[in-house]
Amino acid sequence: MSGPGEARPAPGLLQEHVERFNAGVRSGDFGPMVAAFSEDAELVFEGIPVGPFLGREAIGEAYAAQPPDDEIVLLDADGTYAWAKEPEIPAGRLFLTERGGEIARLVIRYRR
């Protein structure tokens, strides 16, 4: 279930985002993932002192400056995820808002 004020993503968009994220971790190229965000997208992290990042360009710069070093595993359709190195331990939740087939807002909530 999404949080208050959080729209549910279009079917498949959350899974597609996770696949692009993981491809970026493997290749070091987050360009395809960033391209799926709208021009005016917002990326928000909750539970860690990073961001928020406003706009596709700022999101791309953030991933270039501090690229993640582990893939994520989507545990359910509501966005609960785990890090691939600890797939049995839920690490947080992804709240994705879609607009016109693009990611308009992504909130990444960390549990720890």
Of all the heavy-atom pairs spanning [X] and [Y], show the shortest one and how long it is.
X   : Y    : value
S38 : A104 : OG-CA, 3.6 Å
G92 : R111 : CA-CG, 3.7 Å
A82 : P87  : CB-O, 3.6 Å
E98 : L13  : CG-CD2, 3.3 Å

Partner residues of E88 under the salt bridge (charged side-chain N to carboxylate O under 4.0 Å, His left out) criterion, sequence neighbours left out =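 E88 satisfies salt bridge (charged side-chain N to carboxylate O under 4.0 Å, His left out) with no residue once adjacent residues are dropped.
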With sequence neighbours excluded, tell me which residues meet salt bridge (charged side-chain N to carboxylate O under 4.0 Å, His left out) with D29.
->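 Testing D29 for salt bridge (charged side-chain N to carboxylate O under 4.0 Å, His left out), a comparison that skips the adjacent residues, returns none.
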Mind jotting down which residue pairs meet the ring-ring contact (aromatic ring centres under 6.0 Å, His included) criterion with at least one end in residues 42-81? Sequence neighbours excluded, please.
->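 Passing the test, one end in residues 42-81: F30-Y63, Y81-W83.
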Can you list the steps and then say if E16 with I103 is a side chain to side chain contact (heavy atoms under 4.5 Å, CB included)?
-> CA-CA 11 Å; E16 291 169 12; I103 300 169; over 6 Å; no
Below 4.5 Å, heavy atoms only, C-beta onward: do [X] and [Y] meet side chain to side chain?
X    : Y    : result
I108 : V44  : no
I72  : D70  : no
L96  : R105 : no
E46  : Y110 : no
M33  : N22  : no
L74  : Q15  : yes
P90  : L75  : yes
V107 : L43  : no

Do E61 and R56 meet the salt-bridge criterion of a basic N to acidic O distance under 4.0 Å?
->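 Answer for the salt bridge query: no.
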Using atom types as modelled and distance alone, determine if a side-chain donor or acceptor of S27 lies under 3.5 Å from a backbone N or O of A23.
->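 It does hold such a pair.
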Do V50 and F37 belong together in a cluster built from hydrophobic side chains that touch within less than 4.5 Å?
->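 Result: yes, single cluster for both.
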[X] [atom1] to [Y] [atom2] distance, which is reported to the nearest 0.5 Å:
X    : Y    : atom1 : atom2 : value
H17  : L94  : NE2   : CG    : 6.0 Å
E102 : E39  : CD    : CD    : 8.5 Å
F95  : R109 : CZ    : CZ    : 3.5 Å

Using the side chain to side chain contact (heavy atoms under 4.5 Å, CB included) rule, take R26 and F21 through it: C-alpha gap first, then chi angles, then the decisive distance, then the call.
-> CA-CA 9 Å; R26 290 189 300 273; F21 175 90; over 6 Å; no
Using the side chain to side chain contact (heavy atoms under 4.5 Å, CB included) rule, take L106 and I59 through it: C-alpha gap first, then chi angles, then the decisive distance, then the call.
-> CA-CA 11 Å; L106 178 61; I59 292 167; over 6 Å; no
